[in-house]
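Notes for the one structure printed next.
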Amino acid sequence: MTPKLIIGVLVSGRGTNLQQILDDVENGKLHASVLVVVSNRESAQALAKAKAHGIPTIVIDPKTYASTEEYDGAILDALKNHGVDLVVLAGYMKVVSSVLIEAYRNRMMNIHPSLLPAFPGLHAQRQALECGVKMAGCTVHFVAEEVDAGPIILQAAVPVEEHDTEESLSARILEQEHQILPKALQLYSEGRLKVVGRRVEIADA
Ligand code: GAR
């Protein structure tokens with residue numbers, strides 16, 4: 001068996017994607033270990049979820065750093081100290097700088113609640129409703145310099161229903177996020193993802 005993939009997760013809020021990753025590690029679906037969870041917000045509920053699984057958590061407050069680069073340098077130190085191979089942005093609501101992107105090129109994944117390249121940025125589900133699309137969804141991609149635009153690993157689509165609100169659409173999309181994020185991580189852990197230009201090739205099992 002290949003050695004376990006060491007994952008570090010960056011979070012800012014609720015942490016349901018983190019919870020799903022932790023559950024899938026525990027139930028054996030995901031051959032990996034989460035060794036550290038880092039948050040930019042002390043109040044993130046995700047921190048309690050990590051602690052409940054005995055995973056070390058670190059809060060790094062951006063306000064205490066002079067620049068985003070210095071702040072990301074502190075995050076990088078925390079990730080390296082824990083031997084992290086792959087970084088997951090799971091509801092991490094902060095743009096990452098080249099400090100992290102270069103150190104973890106094609107080794108940092110983000111989950112975004114839209115079918116990218118549609119609706120990057122904040123409130124993706126609201127943007128989808130306002131635009132009137134009939135299909136929405138979510139994307140797991142490698143993080144690159146342009147926000148929400150790195151090589152796409154997996155996507156899942158859901159229908160937009162006539163009376164959807166931002167909440168109901170977000171909940172339908174979230175169910176799919178919980179499927180495709182651990183799946184992308186497992187593909188990575190099996191060494192099956194290869195970035196070729198803008199594309200991610202997925203090797204057969
Ligand atoms: C998820 O919907 C995730 O896709 C989104 O934040 C939510 C976090 O939920 N991320 C972004 O919008 C990033 N641009 P969670 O904290 O329960 O995992």
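Order of listing sets the numbers, starting from 1, for every ligand and every atom in it. When reading the values below, keep in mind they use all heavy atoms of this one structure, side chains included, and skip hydrogens, waters and symmetry mates.
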Polar side chain donor-acceptor pair, E26 to H53, under 3.5 angstrom: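 Yes, H53 and E26 have a side-chain donor paired with an acceptor closer than 3.5 Å.
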Polar side chain donor-acceptor pair, S97 to E69, under 3.5 angstrom: no
Stepwise salt bridge (Lys or Arg N to Asp or Glu O under 4.0 Å) test for R172 and E167: CA-CA 9 Å; R172 194 174 311 116; E167 289 67 33; over 6 Å; no
Short side-chain to backbone donor-acceptor contact, [X] and [Y], under 3.5 Å:
X	Y	answer
S168	D164	no
S12	M93	yes
T139	L116	yes

Please state which protein non-hydrogen atom is closest to [atom] and give its distance, to 0.1 Å?
atom	value
atom 16 (O) of ligand 1	G15 N, 2.7 Å
atom 7 (C) of ligand 1	R14 NH2, 4.1 Å
atom 10 (N) of ligand 1	I111 O, 3.7 Å
atom 13 (C) of ligand 1	M93 SD, 3.8 Å

Qualifying residue, where the test is side-chain contact (heavy atoms from CB on, under 4.5 Å) with F142 and the options are I101, N106, I152: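 Testing each of I101, N106, I152 against F142, the sole residue satisfying side-chain contact (heavy atoms from CB on, under 4.5 Å) is N106.
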Option passing side-chain contact (heavy atoms from CB on, under 4.5 Å) with I173 (candidates Q176, E175, E177): E177
Shortest reach to atom 3 (C) of ligand 1 by a heavy atom, considering only Q45, H112, E177: E177
So is [X] polar-close to ligand 1, meaning N/O to N/O under 3.5 Å?
X	answer
A90	no
Y92	no
D148	no
N110	no

Subset of ligand 1 atoms that lie under 4.0 Å from at least one heavy atom of G91: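 Counting atoms of ligand 1 from 1, those under 4.0 Å from G91 are 6 (O), 8 (C).
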P113 neighbourhood, listing ligand 1 atoms whose heavy-atom distance to it stays under 4.0 Å: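 Those of ligand 1 that fall under 4.0 Å from P113 are 4 (O), 5 (C), 10 (N), 11 (C), 12 (O).
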